[in-house]
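Ligands are counted one by one from 1 in listed order, and the atoms in each one are counted from 1 as well.
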Amino acid sequence: MKTYDVIIIGAGPAGMTASIYAIRANMTVLILDKLSPGGQMVNTNEIENYTGTAKINGAELSMKMFEHTQELGVEFDYKTVLEIKDNGETKTIVCEEDNTIYETRTVIIATGTVPRRLSVPGEEQFAANGISWCAICDGAQYRDKDVVVIGGGNSAVEESLYLAGITTSLTIVTMFDLTADPKACDQLRSLPNVTIYPYQEILEFTGDDTIDGVRFKSTKEDAAERHVKCDGVFEYIGLEPTSASFKNLRITNKFGFIEVDDEMTTKVTGIYGAGDITNKKLRQVVTACSDGAIAANSAAKYVESLRG
Ligand SMILES: Cc1cc2nc3c(=O)[nH]c(=O)nc-3n(C[C@H](O)[C@H](O)[C@H](O)COP(=O)(O)OP(=O)(O)OC[C@H]3O[C@@H](n4cnc5c(N)ncnc54)[C@H](O)[C@@H]3O)c2cc1C
């Protein structure tokens, strides 16, 4: 069986950038992803803060990054990684499909995050059928309709700006106040079809066969509960690390994020973390790319040391 110098798990911006740096360092490289390359960027309408591209659609940036990896000859395969086994100088990657196994000297884990859920009544019933976590995927269904967005951080505000442009009314219900980039918050507040309810707790999603509203109450004042009618809901209340597949390595903190140092090394020799899956403060495309480059550089140095 071929032993790769590095296998990168996750083809988001962190993983794709890692592959570019790894192949340019003369390593044999394989990227595995369960979905199409791009990670969370694929589901982002507009990325306006990636250096050199004033405004770019997330799917377009994903494609540009993937093409870059392909021009350099990076191998890519659609696989869901189930487990990483550490055998010292080599690692074994076990994949879901047919239990495929790969051997590698190093691993870069760049598996990112998935949206957090509220876990309130009605959420499971209407998940993907009235409640969505992706405005770019599902927003068009709500053209000229009434929509509620839950959350007040960067993703909630950015996606609300997009949704407000196509919906009749957009109601934002958030646990705190808006905490996103101040310029984007001001822009959102100035829109005539936008209403914002800060400091609220979501109680329930209502409806029979289809969702028809959201019930919530203030966390600050003893006001009556509110019920806002809507045709659809978008939830942006934070992210959870995709780290179940490598729990056995014991490299995550208590929240499930991988603990890395400045060189993106974990406490297991030859295993590196990069991007949103790591314990960092700013989770953005540009920081994911930076992590990927550093992780690949560290992996390359380690592989060189193995060769003596
Ligand atoms: C709605 C939204 C809007 C955003 N807007 C912006 C913005 O405007 N500007 C900005 O800079 N950032 C933005 N971000 C954040 C940015 O998208 C992320 O910081 C970035 O994508 C993180 O990159 P990553 O490579 O670490 O992980 P991800 O992009 O999450 O990619 C991880 C990849 O790993 C794969 N994967 C996971 N588990 C496995 C497994 N077991 N086996 C195989 N593959 C697996 C996934 O399929 C995925 O493709 C936004 C995020 C969201 C959700």
[X] heavy atoms, cut-off 4.0 Å: which ligand 1 atoms fall inside?
X      : result
Thr242 : 37 (C), 38 (N)
Ala110 : 32 (C), 33 (C), 34 (O)
Thr113 : 30 (O)
Glu46  : 8 (O)
Lys79  : 42 (N), 43 (C)
Gly275 : 26 (O)
Asp276 : 18 (C), 19 (O), 20 (C), 22 (C), 26 (O)
Ser245 : 41 (N)

Protein contact of [atom] - nearest heavy atom, named by residue and atom, plus distance:
atom                    : value
atom 49 (O) of ligand 1 : Asp33 OD2, 2.6 Å
atom 27 (O) of ligand 1 : Gly112 CA, 3.5 Å
atom 12 (N) of ligand 1 : Gln284 NE2, 3.3 Å
atom 15 (C) of ligand 1 : Arg283 O, 3.8 Å
atom 16 (C) of ligand 1 : Val285 CG2, 3.9 Å
atom 30 (O) of ligand 1 : Gln40 NE2, 2.8 Å
atom 5 (N) of ligand 1  : Glu158 OE1, 2.9 Å
atom 44 (N) of ligand 1 : Lys34 N, 3.3 Å

For the side chain of [X] and the backbone of [Y], is there at least one donor-acceptor N/O pair under 3.5 Å apart?
X      : Y      : value
Thr167 : Leu163 : yes
Asn193 : Ala164 : yes
Gln200 : Pro198 : yes
Thr44  : Gln40  : yes

Is there a polar contact between ligand 1 and [X], counting only N or O atoms under 3.5 Å apart?
X      : result
Val286 : no
Pro13  : yes
Ile47  : no
Asn49  : yes
Gly10  : no

Cut-off 3.5 Å, side chains only: do [X] and [Y] have a donor facing an acceptor?
X      : Y      : result
Asp144 : Thr168 : no
Gln284 : Asn49  : yes
Lys280 : Thr287 : yes

Is it true that, when you exclude Tyr21 itself, more than 12 heavy atoms of the residues, nucleotides or ligands shown sit nearer than 6.0 Å to its OH?
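No, because the 6.0 Å sphere around OH of Tyr21 holds 12 heavy atoms or fewer from other groups.
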Take a 6.0 Å sphere around CZ of Arg215 and say whether it holds more than 12 heavy atoms from other residues, nucleotides or ligands.
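Counting other residues, nucleotides and ligands, CZ of Arg215 exceeds 12 neighbours.
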Would you call the rings of Phe216 and Tyr197 parallel, tilted or perpendicular, where under 30° means parallel and over 60° means perpendicular?
tilted
Could you check whether the rings of Phe76 and Tyr78 sit parallel, tilted or perpendicular, using 30° and 60° as the cut-offs?
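The rings of Phe76 and Tyr78 stand perpendicular, inter-plane angle above 60°.
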Please evaluate residues Val233 and Cys230 with respect to the criterion side-chain contact (heavy atoms from CB on, under 4.5 Å), reporting the C-alpha separation (whole Å), side-chain torsions for both, the decisive distance (0.1 Å), and the verdict.
CA-CA 7 Å; Val233 170; Cys230 66; 3.9 Å; yes
Taking a cutoff of less than 4.0 Å between a non-hydrogen atom of the residue and any ligand atom, is Met16 in contact with ligand 1?
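No, Met16 has no heavy atoms under 4.0 Å from ligand 1.
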Does the ring of Tyr236 carry Arg116 above it, NZ/CZ under 6.0 angstrom from centre and within 45° of its axis?
no
Please state which part of Thr44 comes within less than 4.0 Å of ligand 1, counting heavy atoms only: side chain, backbone, both or neither.
side chain
Let me know which of Asp77, Thr92, Thr3 forms a side-chain hydrogen bond (donor to acceptor under 3.5 Å, both in side chains) with Tyr102.
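Considering Asp77, Thr92, Thr3, a side-chain hydrogen bond (donor to acceptor under 3.5 Å, both in side chains) with Tyr102 is found only for Asp77.
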Closest to atom 40 (C) of ligand 1 among Ile93, Thr278, Val81, Val114 (heavy-atom distance):
Val81
